[in-house]
Amino acid sequence: MATAQEAFVDSGYHATSMDEIADRAGVSKPVLYQHFDGKLELYLGLLETQSDLLIDRLEAALASSDDNAERIGATVRAYFQFADEPNGAHRLLFETDLISEPAVRDLLERPVVQCADAVAKLIAQDTGLPFSSAQLLGVSLVGMAQACAQRWVSEGRQTPLDEAVELVSTVAWRGLGRFPLTRAENDAD
């Protein structure tokens with residue numbers, strides 16, 4: 001799996017062949033087919049593994065504190081750390097060349113949806129906003145963290161990790177932190 005991931009990260013789905021993966025792994029192509037029906041199934045397995053890993057990190061970040069500013073910082077950090085992994089796994093989730101495949105699209109959307117929904121749940125609880133409105137805010141935080149982490153890596157990590165996380169977290173918190181803690185308190189004013 002690690003060898004296949006390396007090949008897909010280096011060349012993308014379309015330019016990677018099962019022959020290349022077998023050669024890199026030092027096994028015969030039939031050995032690969034004993035474990036996977038084909039290249040797509042292997043790729044989907046890698047995407048599922050990395051999606052699960054990212055979801056676990058994001059859930060841990062959200063559970064790391066009861067302080068919302070710290071939660072935002074931890075969530076942004078989780079994206080940056082995932083993108084900073086030397087195995088390049090973020091490229092599978094953030095830069096795939098197989099987005100038109102429905103099964104791939106579903107696996108790529110899963111971490112975004114699950115994290116955005118978890119963020120939305122917290123926002124709705126804290127602010128009294130309807131879940132649909134809180135979901136938009138959750139998607140905005142997740143999208144911003146992902147896009148910034150991806151850009152940070154692609155531009156060569158020119159800003160130190162801690163500083164990059166702080167910059168993005170500050171922007172996110174200054175926006176989300178402006179929502180009153182409860183709608184009832186806001187209506188009383």
Side-chain angles (χ1 to χ4, degrees), residues 1-17 20-21 24 36 38-64 71-120 123 135-173 175-176:
M1 293 289 280
T3 301
Q5 179 172 309
E6 183 181 292
F8 287 127
V9 166
D10 289 348
S11 305
Y13 178 82
H14 294 294
T16 301
S17 69
E20 176 186 354
I21 294 168
R24 284 183 180 212
F36 302 97
K39 183 169 81 166
L40 179 59
E41 288 72 25
L42 175 56
Y43 193 70
L44 290 173
L46 290 168
L47 290 179
E48 184 171 16
T49 298
Q50 293 306 321
S51 290
D52 290 346
L53 177 63
L54 182 56
I55 289 167
D56 289 347
R57 288 182 179 191
L58 296 172
E59 288 175 349
L62 290 171
S64 68
R71 282 179 178 149
I72 287 172
T75 301
V76 170
R77 180 171 297 282
Y79 270 102
F80 273 77
Q81 288 176 331
F82 181 77
D84 198 34
E85 290 289 323
N87 65 9
H90 73 281
R91 294 192 59 212
L92 294 175
L93 297 183
F94 304 162
E95 301 174 17
T96 184
D97 60 347
L98 193 60
I99 194 70
S100 62
E101 172 63 41
V104 169
R105 196 170 42 251
D106 289 346
L107 283 169
L108 298 178
E109 287 178 6
R110 198 163 47 102
V112 174
V113 169
Q114 282 188 239
C115 187
D117 284 354
V119 170
I123 291 171
Q135 240 177 349
L136 287 173
L137 296 173
V139 168
S140 71
L141 173 62
V142 168
M144 179 174 59
Q146 179 177 319
C148 290
Q150 182 179 356
R151 182 72 176 250
W152 175 74
V153 169
S154 71
E155 291 187 348
R157 298 166 176 87
Q158 294 178 23
T159 304
L161 174 67
D162 289 339
E163 184 180 341
V165 168
E166 180 65 27
L167 289 168
V168 175
S169 299
T170 299
V171 169
W173 177 241
L176 290 173

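Scope of the values below: all heavy atoms of this structure, side chains included, with no hydrogens, waters or symmetry mates. All values derive from a computational prediction rather than experimental measurement. Just so you know, residue 1 is the first one in the sequence shown, and it goes up from there.
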*Asks:* In the structure I gave you, are the side-chain heavy atoms of Phe82 and Leu93 within less than 4.5 Å of one another anywhere?
*Replies:* yes
*Asks:* Can you sort out the partners of Glu95 under side-chain hydrogen bond (donor to acceptor under 3.5 Å, both in side chains), two or more places apart, ordered by chain and number?
*Replies:* Arg91
*Asks:* I'd like to check the salt bridge (Lys or Arg N to Asp or Glu O under 4.0 Å) partners of Asp10; sequence neighbours left out, ordered by chain and number.
*Replies:* Arg24
*Asks:* Backbone N or O of Ala61 within a donor-acceptor pair of the Ser64 side chain at under 3.5 Å?
*Replies:* yes
*Asks:* Return the set of residues passing side chain to side chain contact (heavy atoms under 4.5 Å, CB included) with Asp56 (not counting sequence neighbours), or none when no residue passes.
*Replies:* Glu59
*Asks:* Once salt bridge (Lys or Arg N to Asp or Glu O under 4.0 Å) is applied, do any residues pair with Asp52, and if so which ones, sequence neighbours excluded?
*Replies:* Arg110
*Asks:* Apply side-chain contact (heavy atoms from CB on, under 4.5 Å) to Val168 and Trp152, showing your working.
*Replies:* CA-CA 11 Å; Val168 175; Trp152 175 74; over 6 Å; no
*Asks:* Restricting to non-hydrogen atoms, name the atom on Leu62 and the atom on Ala118 that form the minimum distance, rounded to 0.1 Å.
*Replies:* CD1-CB, 3.5 Å
*Asks:* Taking C-beta and beyond as the side chain, do Leu47 and Leu108 meet within less than 4.5 Å on heavy atoms?
*Replies:* yes
*Asks:* Using the six-membered ring wherever Trp is involved, compare the ring planes of Phe8 and Tyr43 and label them parallel, tilted or perpendicular (cut-offs 30° and 60°).
*Replies:* perpendicular
*Asks:* Check Ala164 against Phe80 and note the closest heavy-atom contact, atom names and distance.
*Replies:* CB-CE2, 3.6 Å
*Asks:* Quick one, Val119 with Leu137, criterion side-chain contact (heavy atoms from CB on, under 4.5 Å). Give me CA distance, side-chain angles, the key distance, then yes/no.
*Replies:* CA-CA 8 Å; Val119 170; Leu137 296 173; over 6 Å; no
*Asks:* Are Tyr13 and Leu92 packed together at the side-chain level, in the sense that at least one heavy-atom pair is separated by less than 4.5 angstrom?
*Replies:* no
*Asks:* Could you name each residue pair satisfying salt bridge (Lys or Arg N to Asp or Glu O under 4.0 Å) that touches residues 145-164, not counting sequence neighbours?
*Replies:* Arg77-Asp162, Asp84-Arg157, Arg151-Glu155
*Asks:* Flag the pair Met1 / Leu42 as yes when at least one side-chain heavy-atom distance between them is below 4.5 Å, and no otherwise.
*Replies:* yes
*Asks:* Cut-off 3.5 Å, side chains only: do Asn87 and Glu6 have a donor facing an acceptor?
*Replies:* no
*Asks:* Is the shortest side-chain heavy-atom distance between Ser11 and Glu20 below 4.5 Å?
*Replies:* yes
*Asks:* Between Ile21 and Phe36, does the side-chain contact (heavy atoms from CB on, under 4.5 Å) criterion hold? Intermediate values first, please.
*Replies:* CA-CA 12 Å; Ile21 294 168; Phe36 302 97; over 6 Å; no
*Asks:* In chain order, what residues pass the side-chain hydrogen bond (donor to acceptor under 3.5 Å, both in side chains) check against Gln5, with sequence neighbours excluded?
*Replies:* Gln50
*Asks:* Taking all atoms of both residues into account, what is the closest heavy-atom pair of Ser169 and Val76, and its distance?
*Replies:* OG-CB, 3.6 Å
*Asks:* Mind checking whether Leu98 and Leu40 have side chains closer than 4.5 Å, heavy atoms only?
*Replies:* yes
